[in-house]
Amino acid sequence: MGLWRTAKYRIRALFGAERLDSEMDGEMRFHIEMLAREYEADGLDPKAAKKKAHVDFGGLEKMKEETRDSWGTRVVVDLIRGFQFGLRLCLRYKSSSVLSVIVLSIGIGISVVIYIATAPFLEFSSGAEFDERHLFLEWETGSSNRKLLNSHDFKVFREEVESLGDLIGFQTSSGWIHLPGERDEVEQFNGAFVTSNFFSLTNITPLLGRVFLSRQADFEKTTEIVISDALWNELYSRDEAAVGSVVIVNDQECVVVGVMPKEFGFPYSQKFWIASEWKQFDGARRDKIPNLSVIGKLTHGVSIDKARLELNTLAANLAVSYPETNEQLIRVRLSLCKVIYGNEGAGSILVLRYAASILVLLVACVNVFQVLVSRTAGRSHELAVRCSLGAKRNHIMWQVVVDGLVLAGLGALLGIGLAAVGLKVISAYLSRFTTLSGMFDLSLEPRVILFAGGAAVFSGLVASLLPAWRASKANTFDVLKDDSKSSSSVYIGRLSKAIVISQVAFSSLVIFFCLSFLFFIRAQGADQLELPYSEKTVLTALLWLGADDQLRKGDPQDLRQFYRELDQRLTGNLGVYAVALTTSDYGLGANGGQFRFDDIDQDEWRDAGLEVVTPNLLKVYGLDMISGEMIDDFDTSDSVPVCVVDEEFVAVHCKGVDPIGLRVKVKRWQKPESADWITIVGVIPNLKPKTPFPSSGNILVPYTQMRSWQPSLLVGAIDAGNSELRRAVRESLRNTAPSVQIFGGVQTVEERLGVFFGIMESSFKAGGVFGVSALAVSLIGLYSIVAFTTAQRRKEFGIRMAVGADKWGIAQTILKPWVITTALGLALGALLIAFLPHLLLDSGAGGPMASLFDESFDLMGLVMKSFLLTVLIVCFANLMSMIAPTWQAARVNPMDVIRDE
Amino acid sequence: MKKSNAELLHGTLELLILRLIRSKKRHGYEIAKQIQAFSKDTLVVGQGSLYPALHRLEHKGLIQSSWGKSETGRRVKFYEPTESGAAQLKEEVSYWEEFSGIINLIIREG
């Protein structure tokens, strides 16, 4: 009760302070009145009695203050008064306040954007909750390679094992989903087939409906599906009637029983989960059934070693029962689910997030620091008077700090607004090119506001502590008796000039990089890549064959079957004249590899692109062989290994030598070299666009002779952009191998290039915005300092003009020291930039970057152009920032200044 | 002693206030005058001590205030003890009597 009474009293004192004050005033005035009456009664005249009463009572305001102290609200009241004072300061120094708020809002806004953009990477927990007892089961392979349990083995373990609780099994898969009667609207989504106890991995409850209930019995007649929040939105527009409705997945009817919230997507942002016991594989060959990810929870009191022993015993029994598939699988590997499904990169992303935010905030703080230094110096007399009236050092410091905090608070409010607008713009812009735009949705969650608040406090303190400390240290007598110029010179010293120099250097560096990037892209024609074929006639899709259980096993026969079936379904329809697969991303990228010749410099490994392709590749592009023969259907895993090379390869590696008949061994990154020598049988035209980067050419091997999981599908058609054709491609893939996943949609080469250049353009624009922001922030700091020092010397300029100085002379006096400071900043920036040509061009002296560029590329020219333009921009901008205060000072009326003391 | 013994008064002001308002509602001026009168001008309460003490007691819930008319007809705040104030007074008086008795004993016999 005591605490409650205290709280009630303090709240009353805080919010009813005015009334309490008024009561107190009445009370004390009555006391004084009574004292005066007493003295009147003693014989004093009324006036003298009143005066004596006041004197005897003591200072009324002092009494009130002491009484207010007893209310226990001093700290809060002082805080509130402090912030009110800060706001009044902002209004008093409007222009510098506006500039500071803008700078801080940019800094805090960018920090908020960084915070939000990194959040999805840090929050990748997918909703499952693991402790030390959750274990992932797989076969021990003796290496880091993974070998999952198949569904039959899983069922045996589930029935027999005692050291682990009810095992959970799941198989990730993609599904072609549509609502009944809307087959044309079919889309592919990532999902999983799961056991009914799958959702015991999380405490997250469904948004609607339920999760799966009991095992087996319910699945005899209907297949149950739980969908994600995103899928619910996509298919049902969040209609609650979704639960109980039917949805078609891979042509199978499923009943929706529940909707999971967006926080759950285990294991990897899945959009649906179908309850399954894999009954359709009962009786099937054990090497033809799906593999499952299996999770089990250690029973209480059981150690992981005991569990492993039990599982190995069961594995040994399976090896005896099924030697053809399980003979080598006699040991089970147990791993912590926390490690398997943890976010390993979270630590470094977290460091990056806060480091980037702090860096951006520091840049903003430096400018606000300059503003506060100027402002505090301008208040030096006022602060000296406060000191002389009894203000303590911490009071003086608090006044300056609160100034910074108020500016930072206003900056945070504006910064959140800027971040919201900026994120919407970025999201809308990126959505034209990529699905990543969804990660930039800003919602004002408490933690975003908390972050912005923290950023504001950090900025306010960093910007104000040093000026506050210096203000509290100033000698009161010197300040009061001296004029403002000499007192303020305490504040505007080497530190401020050093800050201006570093800001000019930093903004020069940023602008230099932005301009270099612009010239690199535009001047070298990299934004207009030339292709040897028409980009409108090739439709592309990136496939993940590993999602299909059969194709994942890597049997070349299965892959041939897949390609042939796809080819049959598509060729001849809707103007399609050829279908091919290639490991080059959309036919545009290059896969790194190395090779060595059989009889030319045998031990020398050389760089070249390495692609795995199907025979119809050239037909897709409408091109012919340069020489020799193209690989064909007869080149299988049983025949002599062959390959073809492109013109670039011949030009770089076979100067003056006919490549046909030469033999090579190849190897991909981190893989061993090919076992056999591969014979070059033909030369094809270059299929890759020309870039400023040097190329070593490409070696193309048949898809039946080298395994690949992630080929790109290329469809050559008269009108590749036709929407019917896109649908036909999806349909064909779905009918051929429904589990094969498509990444990045089905798009023409022209559209892919549009995305690529769109991203480059947006990167450039982002860089440009950053560069302009850096320059603007630097200019604001310079303007603040110049404006302050000029204002402080107003009287001096007035006297000079009165004795004959002209405006130009005054302007020179002002500009000269700051032009020198700016020039020093530019020199520092130039020094930093000067290292780059040395790095880029002098590869012999350890500059690796020169080797990245083709010999014909005029790198030096680009650097000089960028450098000169940077110097011009920085000089002009800095001069402009100094013009306004100089102009004002030069227009001073000497009479007004001399008259105004 | 003409002047107030500030150190003695400091620890006992709240007790004195509670005692004086026990029998009758009083305002601040009256409380100060009563202390001066009862102590035969020995103790003079400074206003800088009185009003903060009154507010502290009100904060603790030992006294409550109400507005009324003074003898001059002017509106003024009167103070009276609450139930817990009365109980506190009893306790403080008992403690004071015991304490002062011990001090007197030591002074006489020591």
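A note on names: the letters A, B, ... follow the listed sequences, proteins ahead of strands, and every chain is numbered from 1.
Annotation: side chain to side chain donor-acceptor pair (under 3.5 Å) contacts of B/Y29 (sequence neighbours excluded): A/E38. By the salt bridge (Lys or Arg N to Asp or Glu O under 4.0 Å) test, B/R75 is found to be paired with no residue, residues two or more places apart in sequence or in another chain being considered. Scanning for salt bridge (Lys or Arg N to Asp or Glu O under 4.0 Å) contacts around A/R386 gives A/E382, with sequence neighbours left out.
Proximity of A/M34 to B/E71: side-chain heavy atoms (C-beta onward) are separated by under 4.5 Å at one or more points.
If you tally non-hydrogen atom pairs under 4.5 Å between each of A/R29, A/E33, A/M24 and chain B, the highest count goes to A/E33. Your options are B/H59, B/E30, B/K77, B/E58, and the one with the most heavy-atom pairs under 4.5 Å with chain A is B/H59.
Closest approach of B/A32 to A/H31, counting heavy atoms only: CB-CE1, 4.1 Å.
Proximity to chain A is limited to the side chain of B/K33, based on heavy atoms less than 4.5 angstrom apart. Using a 4.5 Å cut-off between heavy atoms, A/I32 makes no contact with chain B at all.
Residues of residues 41-49 of chain A having a heavy atom under 4.5 Å from any heavy atom of chain B: none.
In this pair, A/F57 and B/Y51 present their aromatic rings tilted. The plane angle is within the 30 to 60° band.
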